[in-house]
Each structure stands twice: as structure tokens, then as C-alpha cells.
Amino acid sequence: MYQIHCLNPISKVGLNHLSENYSLTDNAAEADGILVRSAVMHDMELSDRLLAVARAGAGYNNIPLDKCAQKGIVVFNTPGANANGVKEMIIAAMLLASRDIVGGIEWVKENHQNPEIAKATEKAKKAFAGTEIMGKTLGVIGLGAIGAMVANVAEQLGMKVMGYDPFLSVDAAWKLSHSVKHVTDVNEIYSSCDFITIHVPAMDSTKGMIGKDAIALMKPNAVILNFARDVLCDEQAVVDALAEGRIRRYVSDFPTPVTSGKPGCIVIPHLGASTEESEDNCAVMAVKEIEDYLENGSIVNSVNYPRCEVGPCRTASRVAVLHRNVAGMLTAITTCAADAGINIAEVVNKSRDEVAYTLIDLDQKATAQMVDSLNAISGVFRVRVIK
Ligand code: MLT
């Protein structure tokens, strides 16, 4: 029986997917798997028992990926599961930035006791007039699940769309409308788009990527849409540019002291993926990822270990080894089986940056002595007998 701990409330629809092999525990130290949404895990003690963490969401900057990798803990996210929710919010964001809908609604609230409000409206409304999005150019930075959906729907709304993604996968490219103009220089997006939406993970290399230099290239009517993570924008530079009229609006899903309440900033309290459907989809995907890993050793959608998609074990035993990606590991691992006199039916070995994952299917049950020898190999983080 596997134990699962939820660090945040996780949708019941997702938890209902846990089979009878699982039970929920309130104690993180007893858990084989953790399901998490926004809880910050960086200072959390990670028990030796913990095998997997699944983030019910796309971003994973609340999880210490390297620390987990070195303890042999596989971290998953749920790419695409909440993409439609975020996509719909971005369409709303473009409309909110183009027309002063919020200002107009506020005016109605302030004037609700005026018996002549209908007449007053016709005079007041010009203060809230705006522009349409049809015919404008949208630049999408990052064409993963969300970026591609936004690009496609923007085209259907009559926008011209440019996309930039140096890491565009073949899968993502298939999903993208062929009319999206693919650009290889992000500066082209900054200098020619009316709306710029960013969809990249928050990493050292992407932090502050929309800063003074990028803003200096933008048109005075440019609207920046940030539904990925606040740190991707140098928000002080954004607020300064808005104050000087160098860009039109900043719409962000991440309230911070720098942008909240500032002129030109439309700040939403992280609602992009907060829909029933998105929360259910993320939870279901996270649960399935954890189950497939715990029961079969299959790794799909990990953000710290390589992809390794396998079916159920069809031999006597399956052993998973999580280890450093250094020379000689595969020989050392297979030698342990040979020394135990056990034939290997199949080996899968995958690597990703500093870490690697080896799965061996054996014709006989793995012995305790074989497992001890695997654990003794320098560079092995964890050995797990799956069957
Ligand atoms: C995500 O990372 O998927 C979204 O920002 C929503 C969330 O944090 O849950």
C-alpha cells in the first residue's frame, strides 16, 4: 500500500483516481508520494521514504528540483492540464487591456444611486473607450501547451500572431496553426507586437528577461501579458515605462508590491488556472503520473529526471536505479546482476543533465545482496525494487 500526502488541497476528482493500492496520510514523513500545488517545499525536510512529488500545475519553482534529484525523488508537473483555463484568461486579459471595462464598471458602481444614470452613461462612457484586438499583432514567447493554445485562438479572433521558442518540440509544432509566424529573434517580437505574452518557466536564465532592454524596443501601445511568473519581468522597469507612457499596459496574474495598484497595471490574483476544470485536470494528471511511476517505474512529465516510458513489468522482477549521469554506471549496475547470477531481460537507461535513470527487468527476483551492491555503487541516489 502506497501512502500519499497532499501539501495543498487537491481536487477530489483527482484523488478519486487513486486505486485501492493507495491511502492518504496527513504525515508527510510517511508518504511515498506528495501532491502539491503552491506550497513552497524549498525548506522542507524530505524523508528518505519519499519517492515522488507531483505538482498539480505547470510551474514548479516552489520545488527544490536538484535537492529532490539527488535524493532520488522524481518531480512531475502537469503540462497542458490547465492550459485551456490560462488561455481563456489571457484572452480576457487582452480585452481588459484594450478597453477600460474595469474602469467602466467602477463608474457604474460609484453612480448607482443617480436616478439619471442612463443619461449620465452616454456622457461618461467616452472615458472608458478603447480599441479592438482584431487586426493587432500578438507575440507569443514560449510555444508550449499554453503558448500554442493562445496563439491559435488569437488567430481565430483575427489577430496576426508571431511565435518565438528556441526549444520548440515537434509535438508543440504540430499543435500550432501554420499561419503563426515563427521568429528566431525574440527582439522581433518586442519591436513589432501590440501584445506580448510570455510562457516560459521561471529559471535563472529567464528571470527578468522582459527588462529595460526589451521594453526599450517596444511600441508605445505595447501590452505585456504575464501569466507565467512575476520574476520573468523586471517589474520596476515595467512600472517606470508605464509611468513615462512608453508602453500601454501590463497585465499580470501575480500581485506584487511593485505592480499592485500602479497606473497602467492590471493585476489579477493568480486566477489563470483557477477553474474547476483546470484543477480537476491537473489533479487527475498528477495522480496518474505518480501511480505510473510508483507501480511501473515509468517517468512521464518529470522536471528533474529523464522521460522513461515503460509498461508494466513482464518478467520476474524490475529494479529502478536513480543515479548520477557519469561514465561506468551502466556497467557497474549490470555487473551487480551478473554477480548475483541473475539474467537481465531488458535494460533501459536514460539521462538528463546531471542525473540518469536505469530500469532493469530481471528473469529472477532481485536478491537483497544484489540490491545492497547496487546501493554501494558511488553515484547511486536510490535503488527501488518495483517488483
Ligand atoms: C501553473 O503553474 O500551473 C499556474 O500558475 C497555476 C498554478 O500555480 O497552480
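Side-chain atoms are counted along with the backbone in the values below, which use heavy atoms only and exclude waters and symmetry mates. Counting convention: from 1, in listed order, for ligands and their atoms alike.
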S.K.: Supply the atom-to-atom distance Thr197 OG1 to Phe227 CZ, rounded to the nearest 0.5 angstrom.
M.R.: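 Atom-to-atom, Thr197:OG1 and Phe227:CZ are 7.5 Å apart.
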S.K.: State yes or no: do Leu7 and Ile290 share one hydrophobic cluster built from I, L, V, M, F, W and Y residues joined by side-chain heavy-atom distances below 4.5 Å, directly or via other members?
M.R.: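 Leu7 does not cluster with Ile290.
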S.K.: May I ask you to identify, for Asn82, whether its side chain, its backbone, both or neither come under 4.0 Å of ligand 1 on a heavy-atom basis?
M.R.: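 The answer is the side chain of Asn82.
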S.K.: Got more than 12 heavy atoms from elsewhere within 6.0 Å of NZ, Lys288?
M.R.: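 Count not over threshold, so no.
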S.K.: Under 4.0 Å from any heavy atom of Gly57, which atoms of ligand 1 are there?
M.R.: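 Once the distances to Gly57 are compared, the set is 3 (O).
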S.K.: Should the pair Lys125-Glu122 be classified as a salt bridge under the 4.0 Å nitrogen-to-oxygen rule?
M.R.: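 A salt bridge is present here (some side-chain N lies under 4.0 Å from a carboxylate O).
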S.K.: Have a look at ligand 1 and work out which part of Arg37, if any, has a heavy atom under 4.0 Å from it: side chain, backbone, both or neither.
M.R.: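 No part of Arg37 is near ligand 1 at this cut-off.
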S.K.: Run the numbers for me: atoms of ligand 1, each under 4.0 Å from some heavy atom of Ala273, listed by number.
M.R.: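 Matching atoms, with element in brackets: 6 (C).
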S.K.: Using only heavy-atom distances, determine whether the side chains of Asn325 and Arg352 contain a donor-acceptor pair under 3.5 Å.
M.R.: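 There is no such pair (donor and acceptor under 3.5 Å, judged by atom type) between the side chains of Asn325 and Arg352.
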S.K.: Tell me which protein heavy atom sits closest to atom 8 (O) of ligand 1, plus the residue, atom name and distance to 0.1 Å.
M.R.: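 Sorting protein heavy atoms by distance from atom 8 (O) of ligand 1 puts Arg55 NH2, 2.8 Å first.
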S.K.: Enumerate the atoms of ligand 1 whose separation from the nearest heavy atom of Arg229 is less than 4.0 angstrom.
M.R.: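 That gives atoms 1 (C), 2 (O), 5 (O), 8 (O) of ligand 1.
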S.K.: Under 4.0 Å from a heavy atom of Gly59: give me the atoms of ligand 1 that qualify, with their elements.
M.R.: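 Going through ligand 1 atom by atom, the ones under 4.0 Å from Gly59 are 1 (C), 2 (O), 3 (O).
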S.K.: Which protein non-hydrogen atom lies closest to atom 4 (C) of ligand 1, naming both residue and atom, and how far is it?
M.R.: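 Going by distance alone, atom 4 (C) of ligand 1 is nearest to His270 NE2, 3.8 Å.
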S.K.: Do you know which of Lys160, Lys219, Arg249 makes salt bridge (Lys or Arg N to Asp or Glu O under 4.0 Å) with Asp194?
M.R.: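 By the salt bridge (Lys or Arg N to Asp or Glu O under 4.0 Å) criterion, Asp194 pairs with just one of Lys160, Lys219, Arg249: Lys219.
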S.K.: How many angstroms lie between atom CD of Gln236 and atom NZ of Lys212, to the nearest 0.5 angstrom?
M.R.: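 Result: 9.0 Å between the selected atoms.
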S.K.: Considering heavy atoms of the protein only, find what lies nearest to atom 1 (C) of ligand 1 and give residue, atom and distance to 0.1 Å.
M.R.: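 Among all protein heavy atoms, the one nearest atom 1 (C) of ligand 1 is Ala58 N, 3.4 Å.
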